[in-house]
Amino acid sequence: MKLLDLHTHIYEYPETEIKQILDRANRVGVAGAILAGTTVKSSNKCVALANADDRLFASVGIHPMEIPLTDIENHIQAIKELALTPQVVAISEIGLDKMLGAPDFRKQEDIFRAHIQLAKTTNLPIIYHSRESYPYILDVLEDEEAYKVGGAAHYFQGDISTAFRCIELGFLISIAKPVLRIPQLQEVVSKIPLENILIETDSFPQPFKKNRKAWTEPRHLVDIVAKIAAIKGTTTTEVSIQLHSNLMKLFKDKSGAMDKILNAHSVNSIEFD
Ligand SMILES: [Zn+2]
């Protein structure tokens with residue numbers, strides 16, 4: 001078993017703890033995780049950590065809630081330079097966010113469009129964030145011809161028609177822990193093909209949860225796999241194999257190197273069923 005967590009922020013933990021988190025993940029068949037930067041600074045950190053531990057891959061970008069108000073070109077240029085490092089496998093975490101108090105939407109859109117262009121010039125997939133910005137964000141992705149690189153809708157929580165439009169535009173649907181409890185999301189999983197699904201935890205330190213063991217970590221991917229298998233009426237093994245094949249397709253020319261690493265940290269069997 002060699003699952004990969006598509007989207008995490010575990011770089012927010014101290015380095016020694018990151019290693020323990022990955023060790024715990026490895027024991028249950030989660031071979032590695034992708035770190036998603038949200039600023040130039042954290043994107044730099046993602047690349048450095050990915051350089052230090054082969055179980056980590058980096059994705060770089062500026063989160064819509066963290067966009068700079070000045071000096072935007074320099075920030076984009078810095079992300080572009082980082083994107084050329086071999087450990088970087090995607091442009092993320094980028095997107096559009098309409099939450100109350102979010103930065104100016106026009107500015108968010110300009111920066112999102114610049115990142116899509118950057119993804120196309122570096123031939124890296126886009127893993128995007130959307131909060132209250134459907135369906136508009138899909139119009140932007142379509143307008144910028146983002147299907148040329150494709151990618152994934154991170155932490156998908158939309159409805160079925162939104163899921164199908166994402167798929168039509170060349171994007172996979174990344175499912176996280178809400179699928180364990182939200183019926184609408186379970187319905188999405190039941191209706192879209194397994195070929196269009198990826199999984200993630202979006203994990204980060206959660207001090208607001210008193211019990212440390214309750215903090216979401218990449219190891220919890222196995223719960224998501226079990227839920228997807230139950231919804232689809234199939235085995236966890238079959239789900240894991242298909243998810244891996246979806247990943248390999250998404251990461252195109254990087255997939256060979258990634259597969260080698262994931263194999264090295266895989267386990268033969270896990271206590272799934
Ligand atoms: Zn995130």
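Hydrogens, waters and symmetry mates play no part in the numbers below; they use all other heavy atoms, side chains included.
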Just by modelled atom types, is the Ile231 backbone N or O under 3.5 Å from a matching donor or acceptor in the Ser190 side chain? no
For Trp215 and Pro207, indicate whether the former's side chain and the latter's backbone hold a donor-acceptor pair under 3.5 Å. no
Whether His265 side chain and Leu262 backbone form a donor-acceptor pair below 3.5 Å: no
Check for me, please, whether Leu185 and Val225 land in the same ILVMFWY cluster - side-chain distances under 4.5 Å, paths through other members count. yes
Using 0.5 Å steps for rounding, measure from the OG atom of Ser92 to the CD1 atom of Ile62. 12.5 Å
Sequence neighbours left out, what passes ring-ring contact (aromatic ring centres under 6.0 Å, His included) with Tyr13? Give chain and number order. none
Main-chain N/O of Ser203 paired with Thr201 side-chain donor or acceptor, under 3.5 Å: yes
Looking at Val89, is its backbone amide N or carbonyl O close enough to the side chain of Ser59 to form a donor-acceptor pair, meaning the two atoms are under 3.5 Å apart? no
Is the backbone of Val189 close enough, under 3.5 Å, to the side chain of Lys232 for a donor and an acceptor to pair up by distance? yes
For the rings on Tyr11 and His9, is their centre-to-centre separation under 6.0 Å? yes
Kindly give the cluster partners of Leu100, where membership spreads through any ILVMFWY side chain lying under 4.5 Å from a current member. none
If only atom types and distance count, is the side chain of Asn196 paired as donor or acceptor with the main-chain N or O of Asn246 below 3.5 Å? no
Rounded distance [0.5 Å steps], CG in Leu56 versus CD1 in Ile10: 5.5 Å
Please collect all salt bridge (charged side-chain N to carboxylate O under 4.0 Å, His left out) contacts where either partner lies in residues 257-267, sequence neighbours excluded, each pair once. Lys2-Asp259
Value for CD1 (Ile18) from CG (Asp23), rounded to nearest 0.5 Å, stands at 12.0 Å
Output yes when a side-chain donor or acceptor of Glu200 lies under 3.5 Å from a complementary backbone atom of His154, and no otherwise. no
Determine yes or no for a side-chain-to-main-chain donor-acceptor pair under 3.5 angstrom, with Thr121 supplying the side chain and Gln117 the backbone. yes
Rounded to the nearest 0.5 angstrom, the CD-CD distance for Glu168 and Glu142 is 8.5 Å
Do other residues, nucleotides or ligands put more than 12 heavy atoms under 6.0 Å from Lys252 NZ? yes
Calculate, to the nearest 0.5 Å, the distance between atoms CG and CD1 belonging to Leu247 and Ile34 respectively. 7.0 Å
Keeping to residues at least two apart or across chains, list the salt bridge (charged side-chain N to carboxylate O under 4.0 Å, His left out) pairs with something in residues 68-89. none
Which residue pairs satisfy the ring pair (Phe, Tyr, Trp, His ring centres under 6.0 Å) criterion with at least one member in residues 42-88, sequence neighbours excluded? His63-His129
With rounding to the nearest 0.5 angstrom, report the OH to NE2 distance, Tyr128 to His7. 13.0 Å
Atom CD of Glu15: over 12 foreign heavy atoms under 6.0 Å: no
Can you list every salt bridge (charged side-chain N to carboxylate O under 4.0 Å, His left out) pair that touches residues 89-107, not counting sequence neighbours? Asp97-Arg131
Using only atom types and a distance under 3.5 Å, with no angle test, would you say the side chain of Thr85 pairs donor to acceptor with the backbone of Leu82? yes
